[in-house]
Each structure stands twice: as C-alpha cells, then as structure tokens.
Amino acid sequence: MTTEAIASPMATRIGQALDRLRERRPLVQNITNYVSMDIAANALLALGASPAMVHAPEEIDDFGRLIQALAINIGTLSSDWVAAMALAATVAHERGTPWVLDPVGAGATRFRDASVQQLLPFGPSVIRGNASEIMAVAASCGLGLSAARPKGVDSANTTSEAEVLSIELARHVGCVVVATGAIDFITDGRRQAHLANGSPLMMQVTAIGCSLSAITAAFCAIEPDRFDAAVAALAVVGIAGERAAAQTARPGSFRTAWIDQLAALDATAITSDLKLS
C-alpha cells in the first residue's frame, strides 16, 4: 500500500479526532516533572483540552472521578511521587480511564527502572518515550538483551533500533508503544506506523516530548482506538512543529510559535502536511 493510500484516510480520522477533542475538552490529569508543567499545560490548553497538574496523594482518589485521561511522567522522581503515580494508575485502571506512561530516563538508574516496573501492572494505554527509553523498558521486562544507550534523559539510539523491542513490549504489556525521534514509530503489537513530521528545533526546547505524552492522553480520552489516538497526537505535535519552524529559527520564539500553531491546526493542515507511512 502506498504512503498516500495510508495517510489520506488517517488524516481524515485525525482531523475528526481533533474536532472531537475541541468539542469535549477532556480533563487530563498530569503527574509530571517540574520542568514540563508549564509547557504541557499550555500545549493542552492551546489544542483544546483541559489540564490539571495534580500529584498530591490526598487528592488522587477524588480527582480520579473527574478526569477523562491521565499522563504520568517520571522525569523528576521521588519516593512520594512514585507512590502518587502508583495510586493514580491504580484508580485509572479500576475506573477504565486511559493513561499514558512517559518513562523519562528509563535505563539511567535502577530507581527509574523499578518505578516503571511498579507502574506497568496497572495497564498503561500508551507508553511514549524516546528510543533509548523504550528499549530500556523492554529490557527491564526481560525482552531481549538491553542495547539501550540512555544519555541521561536523552536518547542515543534511533527509532529504527527500537522497532523490534517496541513491538515485543506492546504485546507484552498489551498497549500501544511509541518511540519518538527523527522518525516516530508507533505500534500496538499488530499494527505499525512511521511518522516523519517535526523539526530539529523541537529538540532545543525542553519538555516538548513531555507535552506530547500529555497530548497523547488527551487524544486517548476521545479516541477509543489507542493506536489512532497516538498517531493523532504525534501528527498534531509534529505538524505544529514544522509550521512553527517556518516562522522562526530560534528556540525561544519557536516555543511560542509551536503553541500558537497547536491552537491554529485544523483538518486542512493535517491533510496537507501529514507524513505517515
């Protein structure tokens, strides 16, 4: 099947999903790191979702009744935060609320790997990380030998290196796995897609990847097919990045332009710009 034959019907579905997201304005709880709170909240608002940065264990049970999706990001870990993450994942699992796991820095420390293993039994809908993080999570699940080369929270692997382990991890956990990089790879263990939208400037602004995980949770709130939800999130984030990069070559102004482009995206832009195969 040609790239155009795959991309055209998917572009239509992404445009429809974006319209539904803006109509329903899903409330997305984010237990995320200090660095990403600001940009993730603003990105969700720009796209049309409603963000909540709630991580106190005392609030999680009550808040779990209100949200339509949850994003957990392990960027700035502590024992208290891990306990809050496990409680939120438990509530989401019990209530059937979709949730996204962003395993920031997986493979860099034993504490991070143990924290990921504590969360996986609660059935994330999507695991979204860079190639090294996805490979490290797969290795910690016993799926082959670890070839991950984490560089702190950055990746030293390409998504093509992570494809086989991404598929195995998706089947092992029973979720969608997204490995992001110059070419993004998405799989639910059965279906696979590659997406080439985005800009190198996105790597020069902190926490755009964290914002992608929050946006993926927002799409999971309105799209029952988690594979389509993940593709939609990657598409809008990447296309907004390309359009922002056409306006500016500097990372500071790019950050503002990217948020503006998230707000301006529509079905026509997605159909015109989507690079999916």
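Owing to the predicted nature of the structure, the values given are computational and were not obtained by experimental measurement.
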Could you check whether Q118 and S115, counting side-chain N and O atoms only, form a donor-acceptor pair closer than 3.5 Å? no
Okay, side chain of Q204, backbone of L201: is any donor-acceptor separation there less than 3.5 Å? no
Roughly how far, to the nearest 0.5 Å, is OG of S125 from CZ of R226? 4.5 Å
Tell me if a side-chain donor or acceptor on R22 pairs with a main-chain N or O of A17 at a distance below 3.5 Å. no
I31 CD1 to D102 CG distance, which is reported to the nearest 0.5 Å: 13.0 Å
Verify, without hydrogens or angle tests, whether R243 (side chain) and Q261 (backbone) share a donor-acceptor contact under 3.5 angstrom. no
Donor-acceptor list for residues 53-60 side chains, cut-off 3.5 Å, not counting sequence neighbours:
none

Using a strict threshold of under 4.0 Å (side-chain N to carboxylate O), is an ion pair present between E242 and K275? yes
Roughly how far, to the nearest 0.5 Å, is CG of N42 from CG of D260? 10.5 Å
Suppose the criterion is salt bridge (charged side-chain N to carboxylate O under 4.0 Å, His left out): which pairs have a residue in residues 26-51, not counting sequence neighbours? D38-R255
Taking all atoms of both residues into account, what is the closest heavy-atom pair of L27 and A52, and its distance? CD1-CB, 4.0 Å
Please verify the inter-ring angle class for Y34 with W81; under 30° counts as parallel, over 60° as perpendicular, anything in between as tilted. tilted
Minimum heavy-atom distance L44-A214, with the two atoms named: CD2-O, 3.6 Å
Do the side chain of T159 and the main chain of D184 share a donor and acceptor less than 3.5 angstrom apart? no
Polar contact flag, side-chain donor to acceptor under 3.5 angstrom, S140-Q117: yes
N/O donor-acceptor pair under 3.5 Å between S272 side chain and T268 backbone: no
If I compare all heavy atoms of A257 with all of T248, which pair ends up nearest, and what's the gap? CB-CG2, 4.3 Å
Distance, nearest 0.5 Å, that separates CD1 of I186 from CZ of R191: 11.0 Å
When you compare the side chains of R128 and S213, does any donor N or O come within less than 3.5 Å of an acceptor on the partner? yes
Please report the interatomic distance CG(N33) to CG(N30), rounded to the nearest 0.5 Å. 10.5 Å
Applying the 4.5 Å side-chain criterion to the ILVMFWY set and letting contacts propagate, would F185 and L212 be lumped into a single cluster? no
Rounded to the nearest 0.5 Å, the CG atom of L18 sits from the CG atom of L265 at a distance of 7.0 Å
